[in-house]
Amino acid sequence: MVIRVAAVGDVHLGEGDRGTLRPALDQLADQADVLLLAGDLTRRGEPDEARVVVDEFAALPVPVVAVLGNHDYHSDQVEDITTLLSDNGIHVLEGDAITLRIGDHTVGVAGVKGFGGGFPGTRASNFGEREMKDFVRHSIVCADRLRSALSGLTSDVRIVLTHYSPTVDTVRGEPLEIYPFLGCYRFGDVIDECGAHLAIHGHAHFGSEEGATSGGVPVRNVAMPVIGRAFATYSVKI
Ligand SMILES: [Fe+2]
Ligand SMILES: [Fe+2]
């Protein structure tokens, strides 16, 4: 049995974008069993932009599961955005998981926005000024949320959905100087510790599509500028 996973992130929708993705998405049922949205759905995190997201992604023929990204947090209206998406059937995860039944199998998605922190060789350390420790602490909190969401999944297929990257592999192509703001090794460590079939993220617009955690779990950067289309599809064999 193969589970077909469609995914896209960083669509950064706003007024004027209505209808730009929908024609491609209407074909989803032929190509995928589930659609994952990897955050940065809006430009500035405004509810009006989230309404455009709803118009593009609601009422599709497959379940839609999302995490939010840093742009979606910009206007401090995360609760309103989450409610708007949820009320229209888009499952928004933040430190929790959803289990979907697809055919005879269960597919679990554990989701968290994630955060920066960097990767071996370029990582931030929990030391010094309060502001630096606050930065690192948020990364640790997000990794703990992912652990609790992922470790509770008992589904046949386990997928991790984040906005920030869990591996350096898929940020390659970005300027080296900003790697610590693009993701964190902690998420990769949690994925390897708990186990998963696939990890999906966005955020690194100039990164690379394919990579893996150090433990070998496939990681895909689905930022729309990276995949260059309305969504990418991946197969998980069980
Ligand atoms: Fe983005
Ligand atoms: Fe982002």
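Count residues from 1 along the sequence. Because the structure is predicted, anything quoted here is derived from the model rather than measured. Both ligands and their constituent atoms are indexed starting at 1 by order of listing.
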Under 3.5 Å, side-chain donor or acceptor atoms of residues 126-137 against the rest of the protein: list the pairs with distances, not counting sequence neighbours.
{"residue": "K133", "atom": "NZ", "partner": "G128", "partner atom": "O", "Å": "3.2"}
{"residue": "D134", "atom": "OD1", "partner": "R137", "partner atom": "NH1", "Å": "3.2"}

Residues 194-201, side-chain donor-acceptor partners within the protein, below 3.5 Å, at least two apart:
{"residue": "H197", "atom": "ND1", "partner": "R158", "partner atom": "N", "Å": "3.0"}
{"residue": "H201", "atom": "NE2", "partner": "S165", "partner atom": "OG", "Å": "3.4"}
{"residue": "H201", "atom": "NE2", "partner": "T170", "partner atom": "OG1", "Å": "2.7"}

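Partner of L146 under the side chain to side chain contact (heavy atoms under 4.5 Å, CB included) criterion, chosen from L161, D189, V190: V190.
Of all protein N/O/S atoms, those lying under 2.8 Å from the Fe ion (ligand 1) come to 4.
Pairs passing the salt bridge (Lys or Arg N to Asp or Glu O under 4.0 Å) check and including a residue from residues 210-238, sequence neighbours excluded, do not occur.
The pair E94-R145 meets the salt-bridge criterion, with a side-chain N (NZ, NE, NH1 or NH2) lying under 4.0 Å from an Asp/Glu carboxylate O. With respect to E49 and R44, no salt bridge is recorded, no charged nitrogen being found less than 4.0 Å from a carboxylate O.
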